[in-house]
Structures are given as structure tokens and as C-alpha cells.
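Start at 1 and go down the list; that is how both ligands and their atoms are numbered. Given the structure is predicted, the values throughout are model-derived calculations rather than measurements.
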Amino acid sequence: MRRFHGASTIRRWRCVGAAVMRTGRRSSSSFLAPRGLQSSAAVAAKERESAASLPSRREKAWLAMAAEQSLRESLAEKQAAVDRQGEAVRELKSRSGASTAEIEAAVEALKALKVEHGALAKQLQAVVGSSGNGALSKEEFRQTVVNTLERRLFYTPSFKIYGGVAGLYDYGPNGCAIKTNVLSFWRQHFVLEENMLEVDCPCVTPEIVLQASGHVDKFTDLMVKDEKTGTCHRADHLIKDFCKEKLEKDLTLTTEKAAELKHVIAVLDDLSAEELGAKIKEYGITAPDTKNPLSDPYPFNLMFDTSIGPTGLLRGFMRPETAQGIFVNFRDLYYYNGNKLPFAAAQIGQAFRNEISPRQGLLRVREFTLAEIEHFVDPEDKSHPKFSEVAELEFLMFPKEDQLAGHSAKKMVLGKAVSQGTVNNETLGYFIGRVFLFLTELGIDKERLRFRQHLPNEMAHYAADCWDAEIECSFGWIECVGIADRSAYDLRAHTEKSGIQLVAHEKFAEPREVEKLVIAPSKKELGLAFKGNQKMVVQALEAMKESEALELKAALESKGEAEFLVCTLGKSVTITKNMVSINVEKKKEHQREFTPSVIEPSFGIGRIIYCLYEHSFYTRPSKAENEQLNVFSFSPLVAPKKCTVLPLVKNEVFDGVAKSISRSLTKAGISNIIDITGTSIGKRYARTDEIGVPFAVTVDSTTSVTVRERDSRHQIRVNVDEVAAVVKDLADGLATWADVMWKYPAHTATSADD
Ligand code: AMP
């Protein structure tokens with residue numbers, strides 16, 4: 001979430017879960033195709049059977065944690081035994097009466113203990129450094145995924161031929177297609193479903209807007225500098241790296257020390273500059289490359305500065321988020337919505353952050369796509385009419401109390417989390433549920449998705465409650481969506497700075513008598529005194545908070561005049577008694593005026609896509625080539641192309657049929673590729689699997705063809721003139737693979753895959 005409030009709470013991105021980090025190749029149960037693609041009832045039954053007998057990911061994580069703890073304890077005991085035996089050997093050797101046989105026996109015992117120690121150390125190393133299934137390490141797994149992504153042009157470092165720039169990436173054809181699919185599902189799932197008002201505002205933003213929002217002063221991360229070379233590092237990252245490395249590599253750590261380091265990682269976001277500085281000193285952390293001493297942490301503003309127009313006088317910034325564009329348009333959007341609340345506005349667009357030390361590929365970049373929703377609601381009524389639709393959902397939640405107590409995330413029913421007050425209100429809960437559905441429908445593994453509540457210091461002082469959707473990948477738990485109840489902060493801040501009332505009204509059935517502070521600027525007197533600036537002074541007077549107005553009233557009554565700051569003029573002006581009347585009056589009110597609260601789900605699209613890549617990736621052996629083949633098990637919703645068309649062998653007649661099928665698919669709106677290269681059919685299947693195409697049509701006759709499903713590799717036979725319709729139904733989710741398996745004959749020839 002945006003964090004740029006007091007000195008202690010800055011915007012910082014988290015990757016908390018080193019403690020329970022566990023990824024790598026998906027376990028065999030999760031290798032199965034998405035539900036819609038299951039090849040037959042038998043496959044589904046097998047899945048159920050294996051799901052019942054295998055521990056869940058959470059259970060596995062818990063088992064791994066327990067194993068780690070017991071291994072650390074055993075290792076410490078074994079180390080003590082080795083030390084004792086070593087001492088015994090030394091003592092024997094120095095004793096004059098000891099026989100050779102006695103010494104040899106003691107040395108043998110020492111050797112045996114050392115072997116046992118080595119075996120335990122190896123086991124511990126495997127538990128803390130593995131991907132969770134004992135096959136590939138996290139790094140090996142990530143490297144395989146990233147190599148595939150770069151080789152198949154999902155994404156590549158930008159400006160590569162000039163050496164590239166850290167934190168800037170290009171999306172290639174496959175990456176672009178996936179991003180388009182994710183964004184169009186986002187529009188479907190949120191904008192269309194909730195009738196949101198979509199806007200598209202500029203990236204270049206004038207300074208005044210970002211001054212009002214607080215970004216100019218406080219949109220910072222804490223940085224430390226190498227005292228000799230001046231190289232910059234993020235303070236929290238250095239501490240996290242230190243703790244992770246210790247946990248993974250230092251096998252002599254006691255259980256207590258390991259628990260302490262895990263706790264530091266868990267509460268890193270909650271630490272102030274002073275606390276981070278103290279930890280760096282306590283752990284003796286130095287600059288990673290040079291080992292030079294580090295400066296104390298200090299804030300670095302992450303916005304890219306620019307100037308607007310040729311004079312250079314109008315300062316601007318590249319927007320660090322899209323939300324401000326929506327807030328400054330609130331008045332028009334509210335009017336457009338018939339002056340009714342609640343309503344939501346949405347925006348998809350680029351955001352820019354000059355990250356201190358970008359790393360971790362697509363996860364931390366300097367320009368990225370954000371999709372943000374600002375749902376405006378009456379602060380006195382945060383119920384949601386559709387909450388019941390998500391109330392039954394059950395998923396991993398990580399309330400702040402559990403984090404502080406060192407517990408793990410636990411499964412909670414959303415309705416219960418809201419009713420017992422863990423989640424502040426129904427509207428916030430509704431969006432948490434909708435985000436869960438969005439991510440899991442895309443293909444994020446629900447066992448590696450959790451909703452983590454912000455810790456007290458991490459949350460802005462004005463916010464009512466904040467939860468981050470975190471997805472676990474080989475880098476740990478990554479914040480991919482922030483969901484915050486930001487109360488009325490943003491609209492108030494822009495009201496104050498612009499002088500424009502960004503408020504809503506509730507009409508009463510019956511008028512109500514209330515005591516009200518009435519601020520009545522005298523336009524005539526103000527016009528005489530301030531001429532062309534009169535309008536801005538009037539707006540600033542009318543936008544005063546009650547406390548400010550009472551203060552001004554007191555000053556005018558005692559001194560007859562007062563200095564008054566008009567932000568839009570950038571200076572103070574002198575206000576005299578005759579220019580404004582401020583009184584508390586009894587009034588009959590027909591409506592109530594208030595600043596709406598805003599609930600903001602904010603989606604980092606690149607992060608979601610990267611996690612989706614990891615969650616969808618697996619390898620399978622190629623019998624023919626004796627190698628591992630890469631597969632992305634994207635659902636048809638996400639896949640960059642829905643179908644590949646391939647003639648079985650190079651032949652003009654088959655090529656013609658393939659081209660005609662490809663044309664019918666395109667006409668039906670199904671993206672497809674045609675592969676008429678002479679390469680073996682097995683290699684061509686491997687090529688399409690590697691970019692995650694769910695279906696392949698193989699032309700082996702002029703009347704009927706086969707349709708192959710990527711994950712099961714099962715094939716059916718379909719008439720040429722029907723095939724486009726069959727693939728369209730599959731790609732649009734109107735038919736499952738099981739449905740078409742019932743309807744069409746299976747093609748049982750020895751699989752070309754082999
Ligand atoms: P924030 O406004 O900091 O809460 O960020 C909103 C969302 O943007 C986060 O949940 C992330 O998914 C994403 N995000 C933030 N910073 C970056 C970055 N440097 N690179 C990629 N995505 C980011």
C-alpha cells in the first residue's frame with residue numbers, strides 16, 4: 001500500500017516469508033490441468049485421490065518448519081557431542097598411560113560422530129534451501145522459469161543492446177498477450193461486474209497534486225550508502241538478506257537465534273529508521289560488494305522529477321500511482337453518477353518509482369502497470385449489498401496479532417473475519433473476497449495466496465484497515481495487491497489544497513435542526529482587496545476545517561485582522577473582520593454533507609503475472625530425447641494463444657487444411673498460431689507447450705483432425721468443419737475437456753509427444 005506518513009512509516013515493499021519460503025516445481029498433484037481441462041473422469045478421480053492422500057501445501061510448510069526446528073536442535077546436540085569427543089581424544093593423546101587401541105577407538109568414535117553431524121547438516125540444508133519437493137532448489141527453479149520466459153520472449157531487459165537499465169523490462173509478444181488477457185479479465189471481473197467508472201489520466205502530474213497527496217514530502221524508502229563508494233542500498237533489504245542468508249547457510253544457529261531472525265524478517269515493515277539502523281549495527285551488516293561500513297538509514301523520495309513545458313517553471317513528476325487522477329476527478333465522477341454513493345472509479349495505467357536497488361526481475365521495477373479501484377462510500381455505512389456472495393469463501397488470512405505473535409497464516413471464513421471485527425468492514429471484506437476470486441480464477445494457487453493485515457506502524461495513521469494479497473513464489477511472499485480502507489484522507493487533502501469541495505450529500509427524509517458553523521466570505525470586500533485572486537481566497541476560506549475557522553474567528557474578534565495561508569496562491573494574505581463572517585448558527589438541514597471514505601484495491605499487474613508464471617510452470621520428461629520439457633499450464637483465459645495448428649507431416653495438402661482451420665479460428669475470435677515448419681511433431685508440441693498454448697489441432701487427414709489438450713496430452717478426433725467451433729467452446733470456457741472427451745472419439749495412436 002501507499003505508505004508515506006510519519007517518519008516511522010514509509011512506503012516499503014515486503015517479501016516477508018523467507019521463514020516459510022517453499023516453491024520450486026509444483027508437486028505432482030498440482031501438475032494437473034486446470035479443472036476445465038481435465039481429460040476424463042479418471043483424471044479427476046485420480047486428482048481427488050491424490051489430494052486426499054497428500055498433505056496440503058500448508059501442512060507441508062508446517063511439516064518443513066517442524067523438521068527444520070528439530071534438525072537444528074539435533075545438529076546442536078551433535079555438535080556438542082563432536083566437541084566432547086574431540087576433547088576426549090585430545091585428553092587421551094596427552095595422557096601418558098593411554099594405549100594406542102584406546103586412542104584409535106576414540107578417534108573412530110569422533111569420525112563416526114562427524115559423519116552423523118555431516119548427514120544432519122545436509123538434511124537441514126535441504127530443508128532450508130529446497131524448493132519444497134526435494135527436486136530443484138528455489139534458485140534452480142527460478143532460473144529455469146526465467147530462462148524460458150526470456151527465451152520465448154515473454155519479457156526481456158529493456159535497452160539490452162546498450163547494456164540495459166536496472167528495473168526496466170520489455171514485454172515481448174507472449175508477455176503482451178498475457179498482460180492483455182489479465183487486464184481484460186480484470187475489467188470483466190471488477191469494472192463490468194460493479195459498474196465502475198473507468199478513467200484514463202496522464203502520467204505526468206503537476207507538483208501541487210502530489211504535494212496535496214503527501215508524495216512530495218513522504219513517498220520515500222529508507223536508504224543506506226556505502227560510506228566509501230557511495231553505492232546506495234535499501235536498508236530493510238540488507239537486513240532481510242542478512243537474516244535469510246544466516247538462516248539458510250549458518251547451520252550452527254541455535255533454535256532461538258533462528259526464531260529471532262525469522263521474527264525480524266516478519267516485522268521488518270514495522271521498523272523505524274532508527275530501529276533499522278540499530279539492527280544494521282547489531283548484526284554488523286556492511287555493504288554487500290565492498291564490505292565497507294554503511295551510513296545510517298535516511299529517506300529517499302522515489303518519484304521521478306520532471307518539468308512541464310519549455311520554461312522549466314512548472315515542476316512535475318511521473319505519477320507513482322494512478323489513484324490521484326481519480327481523486328482529483330471526484331466531483332465530476334460523483335455528478336456523473338447522479339450524486340449517489342457508493343460508486344467506484346477505476347484506472348489502469350503506468351506508474352513510475354525510482355526504486356533504490358531494483359532486483360528480482362519483474363517484481364521490483366521502475367515502471368509498471370497498476371490497476372486501481374477507488375470505491376467511495378459513506379463513512380457511516382460501510383456495508384456492502386453483495387457481501388453475502390463472498391462471505392462463505394475460506395482462505396489463508398494473516399491478521400496482525402498472529403504476525404506479532406510469530407504464528408503462521410490460518411484459513412478463515414471471510415464472513416466470520418468481518419463479523420468478529422478482524423476485517424474492519426463489509427466493503428473492505430467484499431473486495432478481499434473479490435480479489436481472492438480474481439487471482440485464483442487467473443490460476444494463482446490458493447495455497448500460495450494469503451491476505452496479510454498491515455502491522456500497526458506499517459499502516460497510515462488515517463487508514464481504518466489494510467490487507468495485502470501476498471503470493472508466494474521463489475522469492476518468498478510478495479505483495480501483489482494492496483486493499484486499504486483509506487478513510488477520507490485523499491479527498492480531504494485535495495479539498496484543502498485545491499479549495500474545491502470534494503464532498504457528497506445525503507438528503508434527509510425530514511429536515512433536521514443542527515448547530516452549524518457558517519463561513520460566509522464577503523465577496524465584495526474580498527474582491528476590493530484581492531482583485532483577480534478573490535476567487536482563490538474565497539475558496540480557501542470556505543474549505544477551512546472547523547478548528548481553523550474557529551481560530552480565525554477568535555483572531556479577527558481580538559485583533560481585527562489575521563494572516564491566512566492560501567495554498568493555491570502559495571502565500572499568506574491579511575484577512576480583516578469585514579471580509580468574512582464566521583458564526584455558529586442553528587439551522588434546519590435538509591441534507592448532510594460529508595467527505596466520503598475510500599476503499600482502494602491496488603493491483604501490481606507485473607507482479608501478479610510473474611507469480612502466475614511460477615505457479616503455472618512445470619517440467620515433464622521427454623521419453624524420446626531424455627530431457628525435461630517445460631510447460632506453462634495457463635488456463636485458456638490467460639494463455640497467450642488459445643490454439644496451435646500443425647500439419648502432422650510436411651505436405652502441401654495438410655498445409656492447406658491447416659491454413660483453412662487457422663482462418664476459421666481467427667474468424668471465430670480465437671487467437672492461434674500455425675506451425676508448418678518441417679520439425680518433428682513432438683518438437684512442435686514441446687514448442688507450443690512451452691508457451692502454454694492449451695490446445696493443438698493436428699492435421700493428419702483432409703476430413704478429420706485431432707485436438708490435443710496440453711497437460712493430459714490426450715487427443716480427440718473431430719471433423720474438419722467442426723473443429724473451430726469445438727476449440728472456441730473450449731477456449732471460451734463453454735465446454736470442458738471432459739465434455740468434449742465424452743462427445744468425440746479419443747485418438748489413441750501412440751502419442752506423438754513420445
Ligand atoms: P503500493 O501503492 O506501494 O501499495 O503499490 C501497489 C501495488 O503496486 C503493490 O501491491 C505491488 O503489486 C505494485 N508495486 C509496487 N511497487 C512496485 C514495483 N517497484 N515494481 C512492480 N510492482 C510494484
**Item:** Pairwise side-chain contact, Thr422 with Trp467, heavy-atom cut-off 4.5 Å (strictly under)
**Value:**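 Of all side-chain heavy-atom pairs linking Trp467 with Thr422, at least one is under 4.5 Å.
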**Asked** With a 4.0 Å cut-off on heavy atoms, is Leu363 touching ligand 1?
**Response**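 Yes, that is the case, since the closest heavy atom of the residue is under 4.0 Å from the ligand.
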**Asked** Is it true that Gly606 lies under 4.0 Å from ligand 1, counting heavy atoms only?
**Response**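 It does not, in that no heavy atom of Gly606 comes within the 4.0 Å cut-off of ligand 1.
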**Request:** Check Glu479 against ligand 1 and report side chain, backbone, both or neither, counting heavy atoms closer than 4.0 Å.
**Result:**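 Contact part for Glu479 vs ligand 1: both backbone and side chain.
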Residue [X] vicinity, atoms of ligand 1 by number, heavy atom under 4.0 Å:
| X | result |
| --- | --- |
| Glu355 | 18 (C), 19 (N) |
| Cys480 | 10 (O), 12 (O) |
| Arg353 | 1 (P), 2 (O), 3 (O), 5 (O), 15 (C), 16 (N) |
| Val481 | 10 (O) |
| Gly482 | 10 (O) |

**Asked** Any donor and acceptor pair, going by atom type alone, linking the side chain of Asp402 with main-chain N or O of Phe398 inside 3.5 Å?
**Response**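 No: the side chain of Asp402 does not pair with the backbone of Phe398.
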**Message:** Between Asp490 (side chain only) and Ile326 (backbone N and O only), is there a donor and an acceptor less than 3.5 Å apart?
**Reply:**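 Such a contact is absent between Asp490 side chain and Ile326 backbone.
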**Test of proximity, Phe368 against ligand 1: N or O pairs below 3.5 Å** =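 Between Phe368 and ligand 1 (N or O atoms, distance only) the closest approach is not under 3.5 Å.
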**ligand 1 to Val365 polar contact by distance, N or O atoms, under 3.5 Å** =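 It does: an N or O of Val365 is found under 3.5 Å from an N or O of ligand 1.
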**Message:** Checking Asn354 now: which residues fulfil side chain to side chain contact (heavy atoms under 4.5 Å, CB included) with it, not counting sequence neighbours?
**Reply:**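 Listed in chain order: Phe300, Phe304, Arg366.
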**Item:** Closest to atom 7 (C) of ligand 1 among Leu362, Ile478, Leu370 (heavy-atom distance)
**Value:**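 The residue whose heavy atom sits nearest atom 7 (C) of ligand 1 is Leu370.
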**Asked** At what distance, to the nearest 0.5 angstrom, does CZ of Phe395 lie from CG of Leu437?
**Response**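 The CZ atom of Phe395 sits 8.0 Å away from the CG atom of Leu437.
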**Prompt:** Under 6.0 Å from the CD atom of Glu245, do we count more than 12 heavy atoms belonging to anything else shown?
**Reply:**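 Result for CD/Glu245: open.
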**Item:** Parallel, tilted or perpendicular: ring planes of Phe185 versus His189, cut at 30 and 60 degrees
**Value:**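 Tilted.
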**Request:** Step through it carefully: locate the ring centre of Tyr155, locate the ring centre of Tyr169, and say whether they are under 6.0 Å apart.
**Result:**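 Yes.
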